[in-house]
Amino acid sequence: ATVSRRGMVYMPPEELGWLPYIQTWLAKELREALNVRQTTCDYLLGLFNEHIDDGLRWVRRNGVESVPSVDINLVTSVSFILKALFQEARKVDFKKTDEELHPNLGRLFVFSFIWGIGGNMVVSKWDAFDEWVRERFGSTLCNFPPRGLCFDYYFDQNHPEFQIKPWDESVPKFEYLETKPYFEMLVPTVDTVRYAFLLEILLEVEKSVLLTGETGVGKSVIVVDSLANLAEPKSILPVTIYFSAQTSAIDTQLLIESKLEKKRKTRFGAPYGKKIVVFVDDVNMPARETYGAQPPIELLRQFQDFKGFYDRKKLFWKDIEDMTIVSACAPPGGGRQDLTPRFVRHFNMLCVPPPNDGCTRLILTSLLDGFLGTGFSPDFRQLVRPIVDSSYDVYTRIAQELLPTPAKSHYTFNMRDLSKVMQGILMIKPSSCPTKDVLMRLWVHESCRVFHDRLINDEDKRYFQGMVVELLTKNFDGSYTFDEMFVEREILFGDFMRFGLDRDERKYEEIKSMDAMTTIMDEYLEEYNLSTTNPMTLVFFSDAAKHAARLARILSQPRGNALLVGVGGSGKQSSTRFAASMAQMKCFQIELKRGYNSTDFREDLKSLYKIAGVDGLPVVFLFTDTQIVEESFIEDINNLLNSGEVPGLYPDDEKGRITDDIRGYVQSLGLPETKDVMWRTFINRVRDNLHIVLCMSPVGEAFRARCRQFPSLINCCTIDWYNDWPKEALHSVSTNFLRDIDLGSAQIKSNTAKTCVE
C-alpha cells in the first residue's frame with residue numbers, strides 16, 4: 001500500500017534486464033556529456049545488443065569468478081571502462097566520420113568487453129574465455145595476434161587506427177637504486193602495468209575498483225604503487241585502511257573523516273583541488289555480527305549508495321564529495337567472509353592472477369642482478385640464476401607439501417616469503433661477501449630464517465634441510481652433503497659480532513664460530529646488566545644463542561617485525577629484551593593494572609609513537625598474548641603492522657601538536673610543510689623506527705583463531721618457533737647456576753646439575 005501511494009513501481013532485475021541502463025547511459029553519458037552523434041550511439045547500442053547477452057551466458061555457464069557478481073555489475077563495468085576510454089585525454093575524436101570512427105570504437109568495445117565481462121574470472125578460465133573471444137570478434141571487430149591471450153593486449157589510442165599492442169612492450173625497465181629502501185622497490189611486470197592502467201582510467205571516471213585474487217599475488221602492491229604514482233599528476237590523496245576480523249564501523253568512519261575537509265555545514269570532501277581515494281585492503285575480513293551483517297562494509301555500502309553517512313554524535317547526514325573507494329580481498333575462507341552483492345555491485349571487479357614462473361623469476365632476477373651490480377665482483381652474477389631457481393623451487397615445494405593443519409595453522413606460505421628471502425640477501429655488503437661460497441651460504445641462511453624457523457617439529461625441519469641440500473647440488477656448482485651443511489657447521493649471519501660499534505657502522509656478515517658468538521653475547525649481556533635495574537641471568541646454550549641471533553637479524557631489517565611462538569617459559573621475552581639491547585634499541589612493554597582497557601592501551605601506543613615518530617629513536621614493542629585484555633588490542637596491532645596508523649588514535653588537536661613537533665624533521669628532508677605531508681612523514685618515521693615483537697603460545701584455540709582473523713600476524717612478521725629446550729640446554733643452565741655454589745666436590749656439583757635436568 002505504501003509503495004502504491006508513493007507512485008513507485010518495482011521491477012525485478014531479471015525482468016528489467018540491462019538494456020534500460022545502457023540506453024540511459026548512452027543518452028546521458030555520451031550523447032549529452034560528450035556530444036556524441038546519434039548514429040554513433042546507435043552503433044554502440046548495436047554492439048551491446050549483439051554481444052553482451054552471449055558474454056554473460058558464457059560466464060555463467062563456463063566461468064568461475066573469484067568473487068561472485070551479478071549480471072548488471074558486469075554490464076556497468078563494460079560501460080565504465082568504455083566511458084574512461086572515451087575521455088578527451090584518450091584522443092577519441094568523435095568529429096570523425098562514422099566510417100573512420102566506428103572501427104576504432106569497436107576495438108575499444110572489445111577491450112572493455114574483455115575486462116568488464118571476463119576481468120573477474122580466475123586465471124584457470126582465461127584460456128577458454130580467450131578462445132571464445134577470438135572466435136566471437138576475430139572476423140568482425142578485432143583479430144588478435146596468435147601469441148598469448150586476449151588479456152595480453154591493449155589498443156594504442158595514440159595511433160590513428162588504435163593499433164593493437166602487447167602489454168609486455170609497455171613494461172618499463174627496472175633500475176636498481178642502492179639508496180632506495182627495499183619495501184619501496186617494485187619490479188614492473190605485465191600485471192603491474194595492465195592493472196595500474198585499468199585502475200587509472202577507472203579512477204578518472206570515479207568508478208570504484210575491487211581487486212581480487214589469492215593472498216600474496218600483489219594486489220596491495222599494485223594499488224599502493226599506482227596511487228603513489230597518480231598522486232601528483234592526478235591530484236589524488238591516497239588513504240589506506242586495513243580491515244581485520246575486529247575492525248569496527250566507527251573506527252573506519254573516524255579514519256575516513258580525519259582525511260576530509262568541511263566544505264559547508266553538512267558537506268565534506270577532499271582538500272581543495274584534490275580527490276581522495278580510500279584503499280580498503282582485506283575488505284572481506286570483518287567478522288559478522290549477530291544478525292549476519294558486517295558493520296564496516298555496511299558503512300562503505302552506505303557511502304557507495306548515497307555518497308555520505310551519518311554523524312555519529314549529532315545524527316545529521318554528511319554528504320561526501322570527491323572520494324572514491326578502491327578495495328582488495330582474497331577469496332572467502334580462512335576467516336574471510338562472503339561479500340554481499342549489494343556491496344560489490346558498485347565495483348569494477350578485477351581478478352589478479354598469481355605471477356607465473358617466468359614473471360616471478362623476472363622479479364627475483366631483476367632485484368638480485370641489480371644488487372650484485374653494486375660493487376660485487378662480476379663473477380658473482382653467475383649465482384643469480386642458481387639462487388633465483390632454488391628460491392622459487394623452495395617456495396613452490398614447501399607451499400604444496402607442508403600444508404596448514406590445526407596444529408600448524410601458520411603454515412600459510414605466499415609470495416611475501418620469497419620477498420623476505422631476497423630482502424635478507426640484499427642486507428650483505430661486498431666487503432662482507434668475499435667469495436661466491438659466502439653468497440651461497442647466505443642464501444641457505446635466509447631461506448632457513450624465512451621457512452625453516454617457523455616449522456614446529458624435527459620431521460618438518462629435516463624435510464626442509466634435505467630439500468635445500470638437494471637444490472644446492474642441482475643448481476649450484478659442486479657437491480654438497482647434509483652433514484656438511486647442517487651437522488658439521490652452523491650457517492649464521494649477523495651484524496653484532498663487532499662489539500662497541502654504533503648501529504650505523506655495523507655490517508651484516510657471516511658468523512664463523514658459535515663459540516665466538518656466545519662469547520660476544522656474554523659481553524653484550526654484561527653491558528646490559530650494568531645499564532639496567534632488572535639484570536638478566538642468561539645462559540647462551542646453542543638454541544638460546546641461535547634464537548637471539550635470529551631476532552637480532554629481524555631487528556636490523558627496516559620495518560622488521562617478529563612473531564615468537566612457544567609455550568610459556570621458553571625464553572621469548574628474555575630473548576627479545578636481549579636482542580633489543582644488542583641492537584641498541586629501547587624495549588617498550590605495557591604494564592597491566594586493575595581496570596586496564598583499550599583507552600589505557602591507546603595511551604601507551606601514543607607514548608610509543610612519540611618515541612619512534614617525534615623523538616626518532618628506534619624502539620622495540622614487546623607484546624605478549626597474556627597482555628591481551630581485549631581483542632581490540634590485536635586489532636590495533638594489526639593496523640600497526642599493516643600501515644603504521646591506528647584509526648581514531650589521535651583527535652584533531654593532538655594531531656596538530658604532533659605536526660608542530662615533526663615540522664623541523666620535515667624541513668630537514670626538504671618536504672613541503674603541508675598538513676598531509678607532515679602527518680604522512682610522521683607515520684613513515686614511526687614505521688621505520690618501530691619494531692613489533694609478538695610473543696604467543698600455541699596452546700589452545702586462541703593462537704589459531706588469531707592467525708585466521710588477523711592476517712598481518714603471519715604476513716607482516718617473521719616467525720620463530722620455540723621448541724622445548726633439549727636436555728643439553730637444561731644441563732648447561734643448571735651447571736651455570738651451580739657454578740659459584742660450594743657443594744663439596746665437582747662430582748657432587750655435576751650430579752646435582754644432572755638431577756635438576758631429570
Side-chain angles (χ1 to χ4, degrees), residues 47 51-52 54-56 58-67 69 73-75 77-82 84-85 90 106-157 162-172 187-202 207 209-214 217-219 221-223 226 328 331 347-360 362-363:
L47 293 178
H51 301 291
I52 289 294
D54 289 343
L56 294 174
W58 191 95
V59 169
R60 299 305 172 216
R61 288 177 179 174
N62 307 296
V64 176
E65 294 180 309
S66 182
V67 173
S69 65
N73 177 218
L74 300 184
V75 178
S77 296
V78 175
S79 68
F80 270 96
I81 296 174
L82 260 182
L85 296 174
R90 301 287 162 193
R107 287 188 172 90
L108 298 185
F109 174 82
V110 173
F111 180 85
S112 305
F113 182 93
I114 290 168
W115 288 103
I117 299 292
N120 189 37
M121 281 193 299
V122 296
V123 69
S124 59
K125 297 295 179 182
W126 279 20
D127 285 324
F129 185 69
D130 168 73
E131 195 176 313
W132 183 83
V133 165
R134 287 174 184 271
E135 184 180 333
R136 183 89 190 177
F137 298 109
S139 59
T140 54
L141 297 177
C142 172
N143 192 13
F144 287 99
R147 183 175 69 91
L149 305 176
C150 59
F151 294 97
D152 297 329
Y153 295 92
Y154 73 102
F155 298 98
D156 183 5
Q157 292 181 245
F162 291 6
Q163 184 180 5
I164 188 168
K165 287 187 176 181
W167 282 112
D168 53 18
E169 289 185 4
S170 301
V171 178
V187 179
T189 65
V190 170
D191 283 337
T192 62
V193 169
R194 61 186 170 192
Y195 286 102
F197 172 77
L198 289 165
L199 184 62
E200 178 184 350
I201 64 170
L202 288 167
K207 175 64 173 175
V209 181
L210 172 61
L211 292 187
T212 66
E214 297 295 332
V217 298
K219 304 182 295 292
V221 173
I222 290 171
V223 174
S226 298
F347 291 84
N348 195 309
M349 292 191 283
L350 300 169
C351 181
V352 181
N356 56 37
D357 290 6
C359 183
T360 305
L362 169 67
I363 294 171

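All values below come from the heavy atoms of this structure, side chains included, with hydrogens, waters and symmetry mates left out. Keep in mind that what you see is a predicted model, and the values were worked out from it rather than measured.
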Euclidean distance, [Y] [atom2] relative to [X] [atom1], rounded to 0.5 Å:
| X | Y | atom1 | atom2 | value |
| --- | --- | --- | --- | --- |
| Arg107 | Gln157 | CZ | CD | 11.5 Å |
| Asp152 | Ile114 | CG | CD1 | 10.0 Å |
| Phe109 | Ser79 | CZ | OG | 10.5 Å |
| Leu198 | Phe80 | CG | CZ | 15.0 Å |
| Ser112 | Ile81 | OG | CD1 | 5.5 Å |
| Arg134 | Leu149 | CZ | CG | 7.0 Å |

Heavy atoms, side chains only, cut-off 4.5 Å: are [X] and [Y] in contact?
| X | Y | result |
| --- | --- | --- |
| Arg90 | Ile201 | yes |
| Phe347 | Leu202 | no |
| Leu47 | Leu141 | yes |
| Lys125 | Val122 | yes |
| Glu65 | Arg60 | yes |
| Cys142 | Tyr153 | no |
| Val133 | Phe144 | yes |
| Pro172 | Val193 | yes |

Please give me the minimum heavy-atom distance between [X] and [Y], naming the atom from each residue.
| X | Y | value |
| --- | --- | --- |
| Ser66 | Pro331 | OG-CG, 3.9 Å |
| Gly148 | Asp130 | O-OD2, 4.3 Å |
| Ser69 | Asn120 | CB-ND2, 4.3 Å |
| Ile117 | Ile52 | CD1-CD1, 4.4 Å |
| Ile222 | Asp191 | CD1-O, 4.3 Å |

Subject >> Exceeds 12 heavy-atom contacts within 6.0 angstrom, atom CD of Glu200 >> reply: yes

**OP:** Go through the structure and list residues passing side chain to side chain donor-acceptor pair (under 3.5 Å) with Thr140, not counting sequence neighbours.
**Re:** none

**OP:** May I ask you to decide if the ring planes of His51 and Phe137 are parallel, tilted or perpendicular, using 30° and 60° as cut-offs?
**Re:** tilted

**OP:** Fit a plane to each ring of Phe151 and Phe129, take the angle between them on a 0 to 90° scale, and name the class: parallel (under 30°), tilted (30 to 60°) or perpendicular (over 60°).
**Re:** tilted

Check: residues 349-359 side-chain donor-acceptor pairs under 3.5 Å, at least two apart:
unit_1 : atom_1 : unit_2 : atom_2 : d
Asn356 : OD1    : Gly358 : N      : 3.2
Asn356 : OD1    : Cys359 : N      : 2.7
Asp357 : OD1    : Tyr392 : OH     : 2.4

**OP:** Taking the six-membered ring for Trp and the single ring otherwise, decide whether the centroids of Tyr195 and Trp115 are under 6.0 Å apart.
**Re:** yes

